[in-house]
Amino acid sequence: MKKRNEVLELSFEFALQIINYSELLEERRKYVIARQLLKAGTSIGANIREAQSCESKADFIHKLKISHKEAEETDYWLLLCEKAASYPNPTIEMKAMLLSIQKLLTKIISTSRK
């Protein structure tokens with residue numbers, strides 16, 4: 001039986017939510033933020049997935065740190081959308097998923113360094 005990888009699964013589900021939200025932004029002609037958010041939000045999971053076949057412990061940590069940086073950038077874009085009056089608000093579920101991913105990444109990076 002294959003072991004469950006929570007951060008990988010969560011980041012994939014989050015990427016799907018980001019795709020849907022980015023499409024909503026594009027429908028409202030918010031192209032620049034939609035593109036930035038799509039790139040950063042889907043990159044989180046892509047880097048986590050890439051870390052699964054890393055060449056060394058240092059490589060693993062490095063890829064997860066990139067993922068964490070992309071999560072921070074995604075959080076910034078979502079916050080902008082939330083605060084800008086002319087933008088649709090991101091869902092509470094999306095924000096909660098991102099926070100969970102950030103916490104998991106922090107924990108995994110910290111544990112891997114030991």
Side-chain angles (χ1 to χ4, degrees):
M1 183 154 90
K2 192 172 183 181
K3 189 176 178 181
R4 185 169 179 260
N5 187 328
E6 187 176 356
V7 73
L8 192 58
E9 291 174 15
L10 191 57
S11 64
F12 185 81
E13 290 302 317
F14 180 74
L16 292 174
Q17 297 244 347
I18 286 293
I19 290 168
N20 290 334
Y21 184 65
S22 295
E23 288 173 353
L24 175 63
L25 290 175
E26 286 187 356
E27 286 172 12
R28 304 224 180 149
R29 302 171 50 111
K30 310 296 185 190
Y31 303 114
V32 175
I33 301 285
R35 178 162 292 180
Q36 293 286 358
L37 187 57
L38 184 64
K39 286 180 179 182
T42 57
S43 181
I44 298 166
N47 281 293
I48 292 170
R49 181 147 182 177
E50 191 176 341
Q52 304 310 300
S53 57
C54 62
E55 296 175 10
S56 66
K57 187 180 197 178
D59 187 35
F60 177 75
I61 293 168
H62 177 70
K63 290 194 178 15
L64 291 184
K65 284 172 118 181
I66 292 170
S67 233
H68 196 273
K69 285 181 181 182
E70 294 294 338
E72 288 295 323
E73 182 180 343
T74 300
D75 191 39
Y76 175 78
W77 296 122
L78 289 175
L79 186 60
L80 276 178
C81 292
E82 187 179 309
K83 300 297 182 184
S86 63
Y87 279 69
N89 280 333
T91 65
I92 293 170
E93 180 186 14
M94 198 180 342
K95 298 277 286 179
M97 286 176 85
L98 180 58
L99 183 59
S100 294
I101 292 167
Q102 289 172 306
K103 286 179 178 180
L104 282 168
L105 286 170
T106 299
K107 179 81 172 165
I108 294 166
I109 291 166
S110 174
T111 303
S112 296
R113 284 182 172 156
K114 294 178 182 176

Counterpart residues, salt bridge (charged side-chain N to carboxylate O under 4.0 Å, His left out), relative to Glu9 (two or more places apart): Arg4
Stepwise side chain to side chain contact (heavy atoms under 4.5 Å, CB included) check, Thr74 with Leu37: CA-CA 6 Å; Thr74 300; Leu37 187 57; 3.8 Å; yes
Greater than 12 external heavy atoms within 6.0 Å of Tyr31's OH: yes
Verdict with reasoning, Gln102 to Asp75, per side chain to side chain donor-acceptor pair (under 3.5 Å): CA-CA 10 Å; Gln102 289 172 306; Asp75 191 39; 4.5 Å; no
Backbone of Thr106 reached by a side-chain donor or acceptor of Ser110 within 3.5 Å: no
Pairing residues for Glu93 by the salt bridge (charged side-chain N to carboxylate O under 4.0 Å, His left out) criterion, not counting sequence neighbours: none
From CE (Met97) to CG (Leu16), nearest 0.5 Å: 8.0 Å
Nearest-0.5 Å distance, CD1 of residue Ile48 to CG of residue Leu64: 6.5 Å
Pairs touching residues 55-67 that satisfy side-chain hydrogen bond (donor to acceptor under 3.5 Å, both in side chains), sequence neighbours left out: Asp59-Lys63
Minimum-distance pair of heavy atoms, taken over all atoms of Phe60 and Ser112: CE2-OG, 3.4 Å
Trp77-Leu99 co-clustered via ILVMFWY side chain contacts under 4.5 Å: no
Cluster check Leu79, Ile33: I/L/V/M/F/W/Y, side chain < 4.5 angstrom: no
Glu72 side, atom CD; Leu105 side, atom CG - distance, nearest 0.5 Å: 10.0 Å
Chi angles and distances behind the side chain to side chain contact (heavy atoms under 4.5 Å, CB included) call for Tyr21, Thr91: CA-CA 9 Å; Tyr21 184 65; Thr91 65; over 6 Å; no
Minimum-distance pair of heavy atoms, taken over all atoms of Ser86 and Lys30: O-CE, 3.3 Å
Reported CD-to-CD distance for the pair Glu13 and Gln17, which is rounded to 0.5 angstrom: 7.5 Å
Gly45 versus Leu8, closest heavy-atom pair with distance: O-CD1, 4.4 Å
CG on Asn5 to CG on Leu104, rounded to 0.5 Å: 9.5 Å
Distance in Å, Met94 CE paired with Cys81 SG, rounded so as to fall on 0.5 Å steps: 8.5 Å
More than 12 heavy atoms of other groups within 6.0 Å of Lys69 NZ: no
Main-chain N/O of Leu25 paired to Tyr87 side chain as donor or acceptor, under 3.5 Å: no
Linked, directly or transitively: Leu10 and Ile109 (ILVMFWY side chains, under 4.5 Å): yes
Of Ile19, Ile44, Thr42, the residue whose pairing with Phe14 passes side-chain contact (heavy atoms from CB on, under 4.5 Å): Ile44
Over 12 foreign heavy atoms within 6.0 Å of NZ, Lys39: no
